[in-house]
2 protein chains.
Amino acid sequence: MSNPAERAEKLTDALRESGIRLTRQRRLLLDIVSRSDDHPDAVELHRRATDQMPGISLSTVYRTLSALEEHGVVQRHQFQNDTARFEPADGAHHDHMIDLDSGEVVEFHSDQIERLQSELAAEAGYEIVAHRMELYVRKIDKEG
Amino acid sequence: MSNPAERAEKLTDALRESGIRLTRQRRLLLDIVSRSDDHPDAVELHRRATDQMPGISLSTVYRTLSALEEHGVVQRHQFQNDTARFEPADGAHHDHMIDLDSGEVVEFHSDQIERLQSELAAEAGYEIVAHRMELYVRKIDKEG
DNA sequence: AACCAGTTGCGAACGATTTGCAAGTACGTC
DNA sequence: GACGTACTTGCAAATCGTTCGCAACTGGTT
Ligand SMILES: [Mn+2]
Ligand SMILES: [Mn+2]
Ligand SMILES: [Zn+2]
Ligand SMILES: [Zn+2]
């Protein structure tokens with residue numbers, strides 16, 4: 001939908017309008033998260049941030065990620081037995097497959113599943129506020 | 001599939017065969033979990049166990065639940081922002097809807113979704129080892 | 001009845017995340 | 001461009017669900 005640079009810019013604009021104070025730390029983290037496509041966790045984001053801002057604290061990373069999440073520009077995912085992972089929240093909704101061997105996270109989407117989920121909820125008298133679907137997978141072995 | 005009594009008995013048999021030692025604490029917890037249909041967490045199970053065995057420790061509850069999980073007679077679920085919840089693992093696979101207002105957990109199953117999940121994984125070159133699907137829902141408001 | 005590896009209760013440790021607080025800073029106002 | 005203040009930061013300590021070390025205990029076997 002957008003390259004990392006405009007993605008970060010778009011998110012910065014969204015933030016400025018929401019009245020949140022744009023500190024150096026927040027700008028940096030927003031930029032780093034926007035450019036990431038690998039669902040990093042807080043410690044990894046702190047590591048990346050430290051390259052450009054040596055003194056930044058892990059607390060600030062956590063606080064900033066929570067703030068960015070509240071303002072809807074970042075999404076948090078809590079996969080099984082793992083630390084929370086983050087990604088920019090600009091794209092369309094999608095779910096995740098986690099490769100158990102490599103740890104790689106693959107994104108996917110199925111309109112059909114989403115529709116069925118809504119129907120099943122409706123049948124039970126509910127509307128869906130949020131959902132989570134994760135497939136823990138292994139590469140299919142092509143060898144004999 | 002089975003009433004709580006035979007359910008507990010069936011699970012006890014499965015355990016005995018697996019060589020695990022059947023202590024009073026394990027028998028009690030196995031019985032309590034088998035009779036539960038509300039996905040209790042460790043603290044709640046400890047509370048229920050204490051009624052019949054005042055001295056039982058929370059550590060033992062946690063250790064026992066892990067043991068029962070390893071032996072395949074109990075299943076653990078980690079819903080969003082919540083402690084781990086447990087249920088007997090004798091029935092067929094199902095997924096969960098969590099009522100955000102009441103906390104109630106509703107079970108559901110869709111062959112069609114399960115099939116689509118496998119197809120999507122296969123398309124990406126993967127086979128599913130495990131998956132998790134949770135719908136966080138609210139009762140549909142019938143009022144104007 | 002004796003044996004002993006597995007299990008328990010207790011308290012301490014763990015680890016990811018959050019929080020209190022004093023010092024620092026963004027940003028609207030003059 | 002400096003000022004004032006409410007918001008933010010870095011640090012260290014707290015939190016909290018869960019796990020772990022260890023000495024005492026016990027299930028199941030001989
Ligand atoms: Mn993603
Ligand atoms: Mn269930
Ligand atoms: Zn989805
Ligand atoms: Zn399922």
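Quick caveat, the model's predicted, so the values are computed rather than measured. A note on names: the letters A, B, ... follow the listed sequences, proteins ahead of strands, and every chain is numbered from 1. Heavy-atom basis, side chains included; hydrogens, waters and symmetry copies ignored.
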Is any side-chain N or O of B:Y62 closer than 4.0 Å to OP1 or OP2 of D:dT19? no
Distance in angstrom units between B:R27 CZ and C:dT8 P, rounded: 12 Å
B:R21 CZ - C:dC4 P separation (whole Å): 13 Å
Going from CZ on B:F108 to CD on A:Q117, what distance comes out if it is rounded to the nearest 0.5 angstrom? 6.5 Å
Going by atom types alone, do B:H39 and B:E107 pair a side-chain donor with an acceptor below 3.5 Å? yes
Measure from CG on B:L65 to C1' on C:dT8 and round the result to the nearest Å. 15 Å
Any carboxylate oxygen within less than 4.0 angstrom of a Lys/Arg side-chain nitrogen, looking at A:D31 and A:R27? no
Over how many whole Å does the gap from B:I20 atom CD1 to C:dG6 atom P extend? 12 Å
Mind calculating the distance between CD1 (A:I56) and C1' (D:dC11) to the nearest angstrom? 14 Å
Let's go through B:R85 and B:E44 carefully: what are the C-alpha distance in whole Å and the side-chain angles of both, what is the deciding distance for side-chain contact (heavy atoms from CB on, under 4.5 Å) to 0.1 Å, and is it a yes or a no? CA-CA 9 Å; B:R85 298 175 164 278; B:E44 171 61 18; over 6 Å; no
Provide, to the nearest angstrom, the distance between the CG atom belonging to B:L45 and the C1' atom belonging to D:dT18. 14 Å
Which residues in residues 75-85 of chain A have a heavy atom closer than 4.0 Å to any atom of DNA chain D? none
Starting at the 5' end of DNA chain D, which residue's closest nucleotide do you reach first, B:S59 or B:T23? B:S59
For the pair made of CG in A:L58 and P in C:dT18, what is the distance, rounded to whole Å? 10 Å
Fit a plane to each ring of A:H77 and A:F79, take the angle between them on a 0 to 90° scale, and name the class: parallel (under 30°), tilted (30 to 60°) or perpendicular (over 60°). parallel
Mind listing the N/O atom pairs, protein and nucleotides 1-3 of chain C, below 3.5 Å?
none

For the residue pair B:V33 and B:L45, establish whether any side-chain heavy-atom pair is separated by less than 4.5 Å. yes
Rounded to whole Å, the CG-P distance (B:L30 to C:dT7) equals 14 Å
So for A:R63 and D:dG10, does any side-chain atom that can act as donor or acceptor lie under 3.5 Å from a complementary atom in the base? yes
Shortest non-hydrogen contact from A:A49 to A:I56? CB-CG2, 4.1 Å
Among D:dT8, D:dT18, C:dT17, the one nearest A:R26 by side-chain distance: D:dT8
Separation of B:D41 CG from B:Q78 CD (nearest 0.5 Å): 10.5 Å
In terms of side-chain geometry, is the basic nitrogen of B:E119 or B:R115 positioned less than 4.0 Å from the acidic oxygen of its partner? no
Starting the side chain at C-beta, find the nucleotide from C:dT17, C:dC10, C:dC27 nearest to A:L22. C:dC27
Quick check on D:dG10: is either OP1 or OP2 less than 4.0 Å from any side-chain nitrogen or oxygen of A:Q25? yes
